[in-house]
Amino acid sequence: MPLVAALCELEQSGDTGELKVWNHFEERAAGFFALGRTVASGAACAVVTTSGTAVAELLPAVIEAHYQRRPLVVISADRPAEFRGSGAPQAIEQVGIYGNYVSGSEDVSWSDVIDLLAGWDGVNPWHLNICVEESDLGSLSDNPRLSKVRIAAVEQARQDIDMRPAIEVIADAWRGLVVMLGGLEPEDREEVWHFLRDLGVPVLADSTSGLREVLGKLVIQDGDRILKNQPPANVLRIGEVPVGRFWRDLEEMTDVNVVSLSRTGFAGLARTSKVITGNVSRLVRALGNVSHAGDSQDYLKIAKRPGGKITELLESFPESEPGMVRTLSVMATMGTSLYLGNSLPIREWNDFAQLDVPYELVRANRGANGIDGQIASWLGATANAEDAWGVFGDLTALYDLSAPALLGQVECRGRMLVVINNGGGKIFERLPAVQNLNRETSDLVVNTHTHSFRDWASMWGMNYVCVRGMEGFDFEPEDQTTVVEVIPDAGQTKAFWQAWETI
Ligand SMILES: Cc1ncc(C[n+]2csc(CCOP(=O)(O)OP(=O)(O)O)c2C)c(N)n1
């Protein structure tokens with residue numbers, strides 16, 4: 001209560017112009033919403049909680065922030081330190097609860113709350129645990145002196161970065177070089193686009209790179225399979241860890257030389273590879289002018305045939321899940337931003353979405369690839385934006401049923417919340433090991449269900465549209481949030497994948 005009161009007082013006084021308070025009764029969604037805010041604003045966002053398991057609810061968002069390297073701060077209220085280990089009400093071991101997922105934490109009492117962010121790097125998650133005495137609760141006028149702090153320089157200018165691994169991989173392009181493009185920060189896109197256009201090597205581009213639709217002829221369609229059959233000698237990864245299957249296959253292909261240019265510094269592979277860490281634009285600029293390397297292994301030529309076949313399949317099975325994703329991808333060009341939920345939505349978007357019209361902004365939570373907190377993260381990342389589109393799997397949406405409690409605090413004009421309801425975690429049905437299970441066991445793995453999202457939409461005052469066939473795609477964005485429940489035809493989906501295997 002004193003923390004909330006202090007924040008509201010500050011927000012209302014207008015002394016700290018940039019401070020904005022949101023609220024949610026449920027900490028897990030609040031954590032992911034805050035994460036979304038850090039993504040959209042580039043600035044820190046703190047979640048303030050009471051003591052006890054409330055603090056534990058934030059662990060998934062803190063983990064995601066750690067792997068995405070986002071400045072998510074947890075400010076947890078705690079019972080006074082002498083309660084630790086006592087089993088007293090709402091007293092749990094809060095100190096250290098986030099383990100290595102925070103870059104540091106402070107454990108303090110109410111009267112000490114001054115300059116506690118001094119040790120924080122301003123880049124990674126951080127935990128501030130504040131013990132509050134019963135007597136503090138009555139003395140609201142003694143609010144801690146929350147004041148603006150200047151966070152240590154976020155990233156020092158690093159002249160000393162060794163770019164040689166990337167330079168060598170480019171020089172070796174004549175033996176085969178493919179760029180795998182993961183998610184990029186919006187400000188890095190232009191620099192990377194110029195670099196790739198100059199280099200001219202084939203690119204496997206994730207939707208979250210924001211460049212998938214603008215690289216034109218450089219993008220390899222069906223690249224996962226083509227590269228598996230004929231691996232290049234070199235892979236240059238730029239941005240986040242790529243989503244596609246070929247990145248996982250690289251784990252075993254230890255003779256393929258892999259170099260990553262990464263903001264977060266995570267290799268994304270357990271095998272040997274080289275990672276150059278830093279601001280991606282700056283790293284690309286440090287490579288200087290590159291000469292045109294082209295497509296020495298003819299990947300783009302090889303990809304033409306399967307690319308055409310896939311288009312044919314999407315047209316033959318328009319109500320299959322990939323077919324409906326394609327249609328949705330055309331409609332979503334109306335939006336100002338796109339958020340892709342994990343599991344099949346992000347994969348099917350990468351593989352089957354339209355390639356002609358770029359999306360202004362594409363986001364996803366790819367730190368730990370969780371299906372939790374996705375709707376809340378999307379709301380946080382688009383809190384001030386009209387015409388925001390988010391596409392989620394059904395289990396993913398079921399995980400985050402409380403997230404719409406935030407809708408009253410965010411921009412909802414034109415907001416489109418798409419749930420692709422295929423009746424479970426259908427990504428697992430694509431695995432051969434699961435296909436060999438008996439029905440009962442596979443239903444357990446897939447979490448098969450028959451729930452609809454109609455009543456959920458109604459509970460939170462959202463519009464609802466159900467899309468069962470192609471004719472269902474004639475909905476329009478409204479002034480309030482619309483839930484679009486897309487139900488692919490299971491038979492067409494099966495037929496699509498069977499035909500796809502034979503391409
Ligand atoms: C928090 C969390 N729990 C479990 C998983 C494992 N998992 C990955 S994908 C998936 C299924 C997701 O189902 P759904 O959202 O319906 O998407 P679909 O696979 O049908 O596209 C699960 C359970 C995870 N990634 N994150």
Side-chain angles (χ1 to χ4, degrees), residues 26-29 31-33 35-36 56-68 101 206-208 240-241 243-245 247-248 268 319-326 328-329 338-353 364-378 390-403 417-435 437 441-453 456 466-467 483-494 496-497 500:
E26 195 258 299
E27 296 82 9
R28 186 173 70 173
F32 278 106
F33 180 83
L35 171 69
E57 301 290 345
L58 294 174
L59 181 60
V62 170
I63 292 174
E64 182 62 26
H66 166 80
Y67 284 109
Q68 280 193 36
Y101 297 113
D206 283 2
S207 302
T208 44
E240 289 173 3
V241 174
V243 172
R245 179 69 230 178
W247 183 260
R248 287 178 185 234
E319 290 170 8
S320 66
E321 190 167 325
M324 286 179 123
V325 165
R326 165 66 69 113
L328 207 54
S329 74
L338 173 67
Y339 182 100
L340 294 172
N342 284 329
S343 202
L344 291 179
I346 192 163
R347 290 186 168 75
E348 291 178 338
W349 206 280
N350 282 343
D351 291 340
F352 306 121
N365 269 0
R366 292 303 292 172
N369 306 173
I371 59 164
D372 44 353
Q374 299 276 291
I375 298 177
S377 297
W378 171 56
V391 183
F392 309 93
D394 46 278
L395 291 189
T396 302
L398 289 172
Y399 235 102
D400 216 9
L401 293 178
S402 80
L417 195 172
V418 181
V419 180
I420 301 182
N421 189 356
N422 52 24
K426 289 292 163 104
I427 192 168
F428 300 122
E429 264 188 19
R430 308 259 316 105
L431 301 175
V434 175
Q435 285 162 8
L437 295 173
T441 315
S442 88
D443 277 352
L444 287 178
V445 173
V446 171
N447 281 293
T448 306
H449 70 87
T450 54
H451 304 302
S452 148
F453 289 84
W456 174 64
C466 183
V467 180
V483 172
V484 181
E485 180 169 5
V486 177
I487 304 183
D489 181 288
Q492 283 206 21
T493 303
K494 199 167 171 202
F496 176 93
W497 286 120
W500 180 84

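One is the number of the first residue; the rest follow in order along the sequence. Order of appearance sets the numbers: ligands from 1, and atoms from 1 within every ligand. Keep in mind the model is a prediction, meaning the values are calculated, not measured.
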List, ordered by chain and residue number, the protein residues whose closest non-hydrogen atom lies under 4.0 Å from any atom of ligand 1. S343, L344, P345, N369, G370, I371, D372, G393, D394, L395, T396, Y399, N422, G424, G425, K426, I427, F428
With sequence neighbours excluded, tell me which residues meet ring-ring contact (aromatic ring centres under 6.0 Å, His included) with F453. W456
Hits for side chain to side chain donor-acceptor pair (under 3.5 Å) against E64, two or more places apart or cross-chain, chain-then-number order -> Q68
Distance-only donor-acceptor check, side chains S402 and E26, under 3.5 Å: yes
Partner residues of E485 under the salt bridge (Lys or Arg N to Asp or Glu O under 4.0 Å) criterion, sequence neighbours left out: none
Checking R430 against W500: charged group under 6.0 Å from the ring centre and within 45 degrees of the axis? yes
Please check if any side-chain donor atom of H451 sits under 3.5 Å from a side-chain acceptor atom of N421, or the reverse. no
